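For reference, the structure discussed in these notes is given below.
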Amino acid sequence: MNQKIRAPELSPNLGWLNTDRPLRFSHELRGRVVLLDFWTYCCINCMHVLPVLAWLEEKYRDEPFQVIGVHSAKFDNEAGRETIRAAIARYEIKHPVVIDDGMGIWQAYAVRGWPTLVLVDAEGYLVGAESGEGLREVFERAIDATLERGRRRDVLAEGPLELKLDADLLGPSELAFPGKLLADASGQRLFIADSNHNRIVVATLPDASGRARLLDLIGAGRQGSADGSFDDVQFHHPQGLALDGDALFVADTENHLIRQVDLERKTVRTIAGTGRQVHDRRGGNVGRQQGLNSPWDLALDGRTLYIAMAGPHQLWRMNLATGMVEAFAGSGREDILDGTIGAAALAQPSGLALAPGRLYFADSETSSIRFVDLDRAFVQTLVGRGLFVFGDVDGRGDAARLQHPLGVAWHDGALLVADTYNHKIKRLDPDTREVRTLFGLGRPATRGEKGQLGLFEPGGLSVAEGRLYVADTNNHRVVMVDMKTGAWAEVMIEGLTPPMHKRRSLPARKISATIPATGALRLLLSADLPPGTHPAADAPMFIRVASGERVIAQETRKTDALPVALELAPADLDGTDALEVTWALAYCKDGPDAQCIPAQWSWLVTLTRAENASPELRLSGRP
């Protein structure tokens with residue numbers, strides 16, 4: 001830039017996340033080189049920039065250098081603190097994020113697209129801006145030069161800015177942002193991509209109450225790409241799953257790999273991808289010679305493995321007999337355009353479902369559901385109108401609106417759709433193009449006032465034996481729904497715990513309690529929180545009650561009021577002489593920029609029974 005332009009302050013905003021205070025160029029950021037990342041959390045290109053930012057943060061960790069995310073939302077659902085906070089946790093972002101109110105900061109910086117990176121020097125002047133991916137070397141050189149110029153002018157601050165980032169708000173829930181799942185009726189198995197735990201969970205199909213038993217863990221939860229035994233293999237935020245007998249295929253999304261699991265021998269090997277993101281839009285190489293770009297979901301048709309390749313906005317396929325991997329549908333242009341498979345334009349396909357003669361896909365960035373006619377090699381849209389046309393409208397054809405759907409499943413002649421940013425499950429009739437809501441409240445929730453199923457950005461669906469399984473991603477759980485009655489239950493997997501390195505060591509407080517000899521028991525949980533704080537309504541609260549390895553009750557909730565109550569049925573208490581109660585929540589300091597703090601308690605309650613005992617058991621903790 002020939003003329004020095006001062007960087008606009010980061011306002012107006014709806015507050016800050018992942019920091020203990022707001023940041024200003026005129027104060028906290030003075031003397032520091034700042035890299036602004038304009039992003040929105042739906043955007044696959046924005047996701048690809050995050051590892052670059054993490055690399056830069058690590059390189060310059062001892063320098064007066066600061067990355068700041070400016071979240072300028074595309075979708076309505078992305079504009080609130082609750083959803084952005086969840087995205088920060090899901091993407092494991094380690095820098096402050098300012099919530100761009102109505103894209104005011106975006107406009108002040110004249111940004112035109114996501115992602116855009118803007119560099120600001122130590123005196124608060126703009127250095128330059130670039131949009132898109134693959135910019136690590138460009139900004140590395142620019143940051144080096146800007147720091148050096150600041151040293152020469154003697155305007156640099158001493159060392160990095162000291163900030164308190166938000167703590168990990170995940171509780172003891174055994175899952176962390178589960179992305180996709182697969183219910184296997186013939187093998188009576190449930191496979192779950194436990195994405196942020198970097199592993200695949202294998203359990204029995206649940207019984208009518210939602211209870212399941214752990215069969216296997218594929219991966220110990222460490223991020224990486226190593227092949228090997230179930231104990232040694234590593235994943236990096238896996239997503240889509242496909243099954244062929246005892247061969248399980250995994251879209252290892254952030255490793256840009258396809259993995260094959262031998263469920264009988266308990267081994268995993270990589271069958272496609274180099275381990276590095278590529279921008280190839282054609283393919284044509286074999287197996288590990290062919291680079292991939294954010295494979296998000298899988299569908300298997302005979303020996304053809306279809307791949308929702310979110311990164312280049314295409315569908316790909318792999319011939320499992322020959323190992324050939326190639327582009328199948330989509331030109332690579334991000335748009336919604338029907339036509340032949342080579343000419344059609346797609347926009348971040350993220351979910352796949354096969355039906356006779358058709359491959360359906362959720363094209364998330366256009367909020368659309370589309371399909372490939374496999375006989376005609378033609379792409380056609382059922383619902384969806386454009387990159388910036390979205391909403392929550394039931395109806396037929398062009399009148400219907402979705403908001404960033406991520407999952408689809410074929411059931412009983414229709415498509416079930418995870419309408420992710422509307423927090424709903426909908427049914428789409430492919431013949432009439434009619435869309436109607438089945439489940440969900442239209443807002444982030446765990447359950448409604450009348451016990452209805454609530455969801456928080458569901459990402460994956462699978463159907464087996466008349467039951468729908470939903471990866472309720474931001475609630476860190478899987479739910480099961482009876483498709484005939486609508487009755488639902490949270491899936492409880494006995495024997496499943498978080499990975500060893502993510503467990504919080506918490507000694508159980510031992511107490512004794514007298515409960516009624518017969519009848520139900522009402523568990524009341526409360527906490528003596530510090531003054532000026534409140535329970536976080538935008539972070540899931542997790543409650544688990546067990547007796548030995550048997551899970552008696554498990555619930556994920558959201559609330560901003562204490563105490564919380566959990567009803568234990570008489571049948572669950574029969575023959576039980578001790579209860580293990582685990583409770584995790586987050587509490588926040590008051591104020592728009594307040595941080596949230598995780599808290600967890602555990603009690604081991606020895607039970608005795610008496611006819612006149614109180615039907616309530618009160619437990620209380622202090623952070």
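Every heavy atom of this structure was used, including side-chain atoms; hydrogens, water molecules and symmetry mates were not. Note that the structure is predicted; figures quoted are calculated from it, not measured.
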Is [Y] paired with [X] through a side-chain N to carboxylate O contact shorter than 4.0 Å?
X    : Y    : answer
R370 : D363 : yes
E123 : R153 : yes
D392 : K426 : yes
E140 : K59  : yes

Would you sort out whether Y91 and N196 count as a side chain to side chain donor-acceptor pair (under 3.5 Å), showing the intermediate values? CA-CA 9 Å; Y91 300 146; N196 275 49; over 6 Å; no
Can a donor-acceptor pair be found between the side chains of T116 and S131 at a distance below 3.5 Å? yes
Regarding D144 and Y60, is there a side-chain donor-to-acceptor distance under 3.5 Å anywhere?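 D144 vs Y60: donor-acceptor pair found between side chains.
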Could you please spell out the steps behind the side chain to side chain donor-acceptor pair (under 3.5 Å) verdict for E78 and H71? CA-CA 9 Å; E78 296 178 300; H71 192 274; 4.7 Å; no
Please check if the side chain of [X] supplies one atom and the backbone of [Y] the other of a donor-acceptor pair under 3.5 Å.
X    : Y    : answer
T40  : K74  : yes
K180 : I192 : no
D121 : L126 : no
D394 : A400 : no
S350 : Q348 : yes
S195 : G179 : yes
T533 : L529 : no
H313 : G332 : no
E334 : A347 : no
D100 : N13  : no

Minimum-distance pair of heavy atoms, taken over all atoms of A193 and P238: CB-O, 3.7 Å
Which atom pair, heavy atoms only, marks the closest approach of S364 to F75?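 Looking at all heavy atoms of both residues, the closest pair is O-CZ, 4.1 Å.
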Decide yes or no on side chain to side chain donor-acceptor pair (under 3.5 Å) for N77 and Q403, but give the supporting numbers first. CA-CA 8 Å; N77 177 70; Q403 189 177 184; 5.5 Å; no
Walk me through whether D297 and F361 qualify under side-chain contact (heavy atoms from CB on, under 4.5 Å). CA-CA 9 Å; D297 202 10; F361 60 98; over 6 Å; no
Distance flag, aromatic centroids of F177 and H476, threshold under 6.0 Å: yes
Report the C-alpha distance between R32 and E63 in whole Å, list the side-chain angles of each, state the deciding distance to 0.1 Å, and finish with yes or no for salt bridge (charged side-chain N to carboxylate O under 4.0 Å, His left out). CA-CA 8 Å; R32 306 181 189 282; E63 299 279 4; over 6 Å; no
Could you check whether any side-chain heavy atom of [X] comes within less than 4.5 Å of a side-chain heavy atom of [Y], counting everything from C-beta outward?
X    : Y    : answer
L428 : V383 : yes
L562 : P535 : yes
I597 : C588 : no
Y469 : V481 : no
R557 : L566 : yes

Can you check ring pair (Phe, Tyr, Trp, His ring centres under 6.0 Å) on Y421 and Y41, steps first, answer last? CA-CA 11 Å; Y421 284 5; Y41 72 78; 5.5 Å; yes
Neighbour count above 12 (heavy atom, 6.0 Å) for R149 CZ: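 Buried by this count: over 12 neighbours within 6.0 Å.
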Mark yes when over 12 heavy atoms from residues, nucleotides or ligands other than R151 sit less than 6.0 Å from its CZ; otherwise mark no. yes
L416 vs V408, side-chain contact (heavy atoms from CB on, under 4.5 Å): CA-CA, chis, key distance, verdict: CA-CA 6 Å; L416 302 177; V408 284; over 6 Å; no
I need the single residue from E174, E490, E555 that forms a salt bridge (Lys or Arg N to Asp or Glu O under 4.0 Å) with R544. Which is it?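 Exactly one option meets the salt bridge (Lys or Arg N to Asp or Glu O under 4.0 Å) with R544, and it is E174.
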Measure up the W106 and W114 rings against each other and bin them: parallel (under 30°), tilted (30 to 60°), perpendicular (over 60°).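 Tilted: the ring planes of W106 and W114 meet at 30° to 60°.
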Parallel under 30°, tilted from 30 to 60°, perpendicular over 60°: which one fits the rings of F38 and Y109? tilted
Considering the options M47, R90, E254, H197, which one meets the side-chain contact (heavy atoms from CB on, under 4.5 Å) requirement together with H237?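 Of all the options given, the one that passes is E254.
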Checking side-chain contact (heavy atoms from CB on, under 4.5 Å) against I99, which of I105, V70, I84, L10 comes through? I84
Could you go through Q277 and H48, starting from their C-alpha distance and side-chain angles, then the distance that decides it, and tell me whether this counts as side chain to side chain donor-acceptor pair (under 3.5 Å)? CA-CA 9 Å; Q277 179 194 4; H48 291 160; 3.0 Å; yes
Compute both the distance and the angle, then confirm whether [X] meets the cation-pi test with [Y]: under 6.0 Å from the six-membered ring centre, within 45 degrees of the axis.
X    : Y    : result
K424 : F439 : no
R6   : Y125 : yes
R21  : W16  : no

Chi angles and distances behind the side-chain contact (heavy atoms from CB on, under 4.5 Å) call for L524, L619: CA-CA 6 Å; L524 285 173; L619 300 175; over 6 Å; no
Would you check, one step at a time, whether the test side-chain contact (heavy atoms from CB on, under 4.5 Å) holds for V33 with L119? CA-CA 7 Å; V33 175; L119 189 63; 3.7 Å; yes
